[in-house]
Amino acid sequence: MSIAFISDLHLTSDQSALGVRFNDYLSDLASLGIKKLFILGDLFEYWLGDDASEHLGQSDYERILKDTSNTGMAISIIHGNRDFLLGPEFSMRTGCALITEPFLLKTQSCQTVLLHGDSLCTDDIEHQAFRNMVRAKDWQHNFLQKPILERDRLARTVRYRSEYGKSIKPLDIMDVNQSAVVDEFNKTSARVMIHGHTHRPGIHRIELNDQDTAYRVVLGDWANGPSAAVLNDNLITLSYGEHREELVLTQ
């Protein structure tokens with residue numbers, strides 16, 4: 001069975017072309033006979049809670065996901081740093097399963113650990129502090145009790161600060177920490193990792209502490225076109241823009 005992986009679409013209601021691109025991609029998957037899709041975070045630019053989908057104009061995307069899941073495609077979603085508030089009502093409306101990272105995917109050809117990717121960016125101390133805060137159940141409960149308009153105002157303020165922070169931080173700080181990557185591999189027997197978040201697509205060879213070899217597949221964002229990886233038997237194909245990389249898995 002072929003399995004597809006995408007991340008970092010950052011869907012918003014004011015980007016109709018991106019919505020069409022997403023819809024066309026899902027239709028193409030169905031035509032290719034791919035029955036399993038993993039979305040590894042930041043499907044949406046931001047998410048204020050399942051009760052705020054219409055306020056954000058995201059209902060059309062929910063219908064696209066529901067129509068796709070109704071075809072028999074199994075869609076699983078990992079929370080990103082933008083849409084960490086996706087919850088059970090969204091899951092019921094779309095037919096998508098929300099899964100917890102790190103998620104260990106086992107196939108006949110390999111074991112693969114799936115993440116959004118921001119947990120690996122441990123050099124970005126500010127982001128890690130924010131991540132720990134907003135992932136806490138008490139913080140999420142208190143935030144979701146606020147009126148939608150207040151949540152929206154707070155989220156827009158955070159997004160502005162985040163974009164400003166990116167503009168002044170060294171690029172290396174916002175990339176993954178290699179020790180964090182190795183540590184994640186050492187927690188499981190997986191030797192393949194797939195994640196997004198950094199918007200730096202590529203396939204990277206990793207030498208682990210025990211001299212074993214692993215591979216990190218990084219998905220790209222969708223700003224300039226679809227970016228995706230497909231696992232088919234023992235071959236992973238990563239595409240982004242006009243580029244294509246392949247990883248042949250050996251037993």
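Arg216 and His195 form a side-chain donor-acceptor contact under 3.5 Å, judged by distance and modelled atom types alone. Side-chain contact check for Thr12 and Glu45: no donor-acceptor pair (N or O, by modelled atom type) lies under 3.5 Å. For the 3.5 Å distance criterion, the side chains of Asp152 and His55 qualify, holding a donor opposite an acceptor. Side-chain polar atoms of Asn81 and Asp118 form no donor-acceptor pair below 3.5 angstrom. Counting only N and O atoms by type, the side chains of Tyr215 and Arg191 include no donor and acceptor under 3.5 Å apart.
Across every non-hydrogen atom of Ser227 and Asp221, the tightest pair is CB-O, 3.7 Å. Across all non-hydrogen atoms, the minimal contact from Glu101 to Arg135 is OE2-NH1, 4.0 Å. In terms of heavy-atom proximity, Leu120 sits nearest to Glu184 at CD2-CB, 4.3 Å. What you find for Asp8 and His116 is that their closest heavy atoms are OD1-CE1, 3.6 Å. Of all the heavy atoms in Phe185 and Ala190, the pair that sits closest is CD2-O, 3.3 Å. Between His197 and Cys121 the shortest heavy-atom distance is CD2-SG, 3.7 Å.
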Could you go step by step and tell me if Leu249 and Cys110 meet the side chain to side chain contact (heavy atoms under 4.5 Å, CB included) rule? CA-CA 7 Å; Leu249 305 170; Cys110 66; 3.5 Å; yes

Passes side chain to side chain contact (heavy atoms under 4.5 Å, CB included), Asn70 versus Thr68? Steps please. CA-CA 5 Å; Asn70 284 343; Thr68 303; over 6 Å; no

Check the pair Ser53, Arg93 against side chain to side chain contact (heavy atoms under 4.5 Å, CB included), reporting the backbone distance first and the verdict last. CA-CA 11 Å; Ser53 178; Arg93 291 196 298 261; 3.8 Å; yes

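Ring geometry, Phe103 versus Phe38: the interplanar angle falls from 30° to 60°, so the pair is classed tilted.
Here the side chains of Phe44 and Gln58 are in contact, with some heavy-atom distance below 4.5 Å.
Using a 4.5 Å cut-off between side-chain heavy atoms of Ile, Leu, Val, Met, Phe, Trp and Tyr, with links allowed through other members, Leu104 and Ile3 fall into different hydrophobic clusters.
Residue Trp47 is tested with Phe143, Tyr61, Phe84, Phe90 for a ring-ring contact (aromatic ring centres under 6.0 Å, His included); the sole match is Phe90.
Between Glu245 and Arg205 there is no salt bridge, since none of the side-chain N atoms of the basic residue sits less than 4.0 Å from a carboxylate O of the acidic one.
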